[in-house]
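Below is one structure, written out as structure tokens, with a few remarks after it.
Side chains are part of it too, since the values below use all heavy atoms of this structure and drop only hydrogens, waters and symmetry mates.
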Amino acid sequence: MVVRRQLVGVGAVVACLITGVAPGATASAAHSLASPRSCAPAADSYGFGPSALLSIEFSSLATGWAVGGNRVLRTTDGGAHWSVVYRQDHAQLAQIDGYDDAHAWVLGRDVLLATADGGRTWHQLADPCLREVNFFSTTNGVAVAGKTLVRTSDGGSHWSSALTSPRPVTSACFTDRSHGWLGADGRIYRTADGGDSWRLNVAGPRRSKAQRRESLALVECSGSDRGWAELVGPGAAMNQEPHIGYRLSSTGSRPLFEEGYFPYPGLPKNLPSSPGPYFAAFSSVSPSIAAFVDFCSPCGYGRSSVAVFDGDRLGPDHVVRNIVGVQGAAFLSASNGWVVGETSQVSRHPHWRIVHTTDGGKTWTTQYQT
């Protein structure tokens, strides 16, 4: 059974960039997307330096992947040891999507890499302005390209023209050819027919159209009719960022928590408070379990906190030790999880670490440091 845990973190939400295949690519591809000029650049999230760690994912209990900056890391013993399986100067890598222990895709500033042998060899694919990739088999996947949704059936060598979907798309995941979730226009949608049609599932708080389009709607699948999501933004005030966590269901989704500084018209009263004032990352474990990580920039030199939703309630907040600013998270159960991030907000050359918990965030051990 494949165990997949996809991170979603602000530090790993990659910018929309001009299409192109860098010199030396081992695979090329054509696509029928609109001209790259229609892909307006977004805020750059690649300026972290070559040693950054921005994304982490485990494809099984033993095998995990982490990426950022100029490298891809892999472990085959649950994180006890990590090794570099790809390195290239100025690569500016930001997201890993590992389908199983052999197959993974890495997205960078202007590159999409793929491996089918556990990272021993990598192939460079065309990148039609991709900002996020999600594969639900070794060949089939979807991606956010610019502000639209595209798909592939050959492992990412070719990408289709834009699928019919609400815009602007910020996040998407599919569990098979038919079922998927979409974050777009500050709302959450679901499809049961491969994206031919989309049904609004989460409208979120009552906001203007402009406010919705400035919001990030982030989704993670956990079965054909279940998932998790966060609506983030727009804006921030008094060191607080509006964000709301959701548990998704085809029969009715519900909010789990809110950042309490902001009013959210139309939501239930007295929702639990978010783990912190700023969104950092979340990780889908199962239809009933997910981990949510937030960041507090004014807390001393900065602090990240994690809370696990298990069953029917959001657990207590726990400080993520040994990391100040979390960029990505990967949990395999309510107790067993990893996060990646930096050790300082003030240093010009911070260390980047992978830390691990086996008790839901109460205690942490450092497994890797740049």
Side-chain angles (χ1 to χ4, degrees), residues 1-8 12 14 16-17 19-33 36 39 55-60 63-67 71-74 76 85-86 88 91 93-146 148-163 165 169 171-182 191 194-195 220-221 224 330:
M1 179 180 68
V2 174
V3 182
R4 303 186 63 242
R5 302 294 174 256
Q6 170 78 18
L7 73 92
V8 179
V14 293
C16 175
L17 298 156
T19 301
V21 180
T26 57
S28 61
H31 57 84
S32 54
L33 296 176
C39 227
S55 176
I56 188 167
E57 183 168 337
F58 272 72
S59 50
S60 67
T63 302
W65 309 80
V67 306
R71 74 195 67 189
V72 180
L73 304 175
R74 186 172 186 260
T76 57
V85 293
Y86 178 89
Q88 181 175 328
L93 306 176
Q95 187 210 348
I96 178 76
D97 186 63
Y99 175 74
D100 57 23
D101 291 356
H103 295 82
W105 292 261
V106 173
L107 191 61
R109 184 182 179 96
D110 57 1
V111 65
L112 176 62
L113 303 170
T115 182
D117 56 12
R120 287 187 292 274
T121 60
W122 294 87
H123 302 283
Q124 188 164 321
L125 309 174
D127 173 13
C129 193
L130 301 185
R131 295 192 292 124
E132 178 184 294
V133 294
N134 173 258
F135 281 81
F136 53 91
S137 77
T138 57
T139 55
N140 291 280
V142 295
V144 180
T148 62
L149 184 67
V150 296
R151 62 185 167 197
T152 181
S153 59
D154 60 7
S157 293
H158 301 81
W159 295 90
S160 73
S161 56
L163 301 179
S165 64
V169 178
S171 182
C173 65
F174 272 65
T175 55
D176 53 43
R177 288 179 179 268
S178 299
H179 299 89
W181 296 92
L182 182 77
T191 184
E220 266 304 318
C221 294
S224 61

Ignoring hydrogens, what is the shortest heavy-atom contact between [X] and [Y]? Give both atom names and the distance.
{"X": "S224", "Y": "D176", "value": "CB-OD2, 4.4 Å"}
{"X": "W181", "Y": "C221", "value": "CD1-SG, 3.7 Å"}
{"X": "L112", "Y": "G156", "value": "CD2-O, 4.4 Å"}
{"X": "V150", "Y": "A162", "value": "CG1-CA, 4.0 Å"}
{"X": "L93", "Y": "R71", "value": "CD1-O, 3.7 Å"}
{"X": "R131", "Y": "Q95", "value": "O-OE1, 4.3 Å"}

Review point. Are Y86 and V106 close enough, and set up right, to give a side-chain contact (heavy atoms from CB on, under 4.5 Å), and what steps lead you there?
Key: CA-CA 10 Å; Y86 178 89; V106 173; over 6 Å; no

Exercise for review: Decide yes or no on side-chain contact (heavy atoms from CB on, under 4.5 Å) for D100 and T138, but give the supporting numbers first.
Suggested key: CA-CA 8 Å; D100 57 23; T138 57; 4.0 Å; yes

Review point. Given R151, which of N140, N134, L163 fulfils the side-chain contact (heavy atoms from CB on, under 4.5 Å) condition?
Key: L163

What is the distance from atom [atom1] of [X] to atom [atom2] of [Y], rounded to the nearest 0.5 Å?
{"X": "F136", "Y": "Y99", "atom1": "CZ", "atom2": "OH", "value": "9.5 Å"}
{"X": "L149", "Y": "S160", "atom1": "CG", "atom2": "OG", "value": "7.5 Å"}
{"X": "D154", "Y": "T139", "atom1": "CG", "atom2": "OG1", "value": "8.0 Å"}
{"X": "D101", "Y": "R74", "atom1": "CG", "atom2": "CZ", "value": "6.0 Å"}

Would you say the side-chain atoms of [X] pair up with the backbone N or O of [Y], donor to acceptor, closer than 3.5 Å?
{"X": "Q124", "Y": "V111", "answer": "no"}
{"X": "W105", "Y": "G155", "answer": "yes"}
{"X": "T115", "Y": "T121", "answer": "yes"}
{"X": "S55", "Y": "I96", "answer": "yes"}
{"X": "W65", "Y": "S59", "answer": "no"}

Practice item. Determine, stepwise, if the pair T191 / F174 fulfils side-chain contact (heavy atoms from CB on, under 4.5 Å). Key: CA-CA 9 Å; T191 184; F174 272 65; 3.8 Å; yes

Practice item. Check the angle between the aromatic planes of W159 and F135 and answer parallel, tilted or perpendicular using the 30° and 60° thresholds. Key: perpendicular

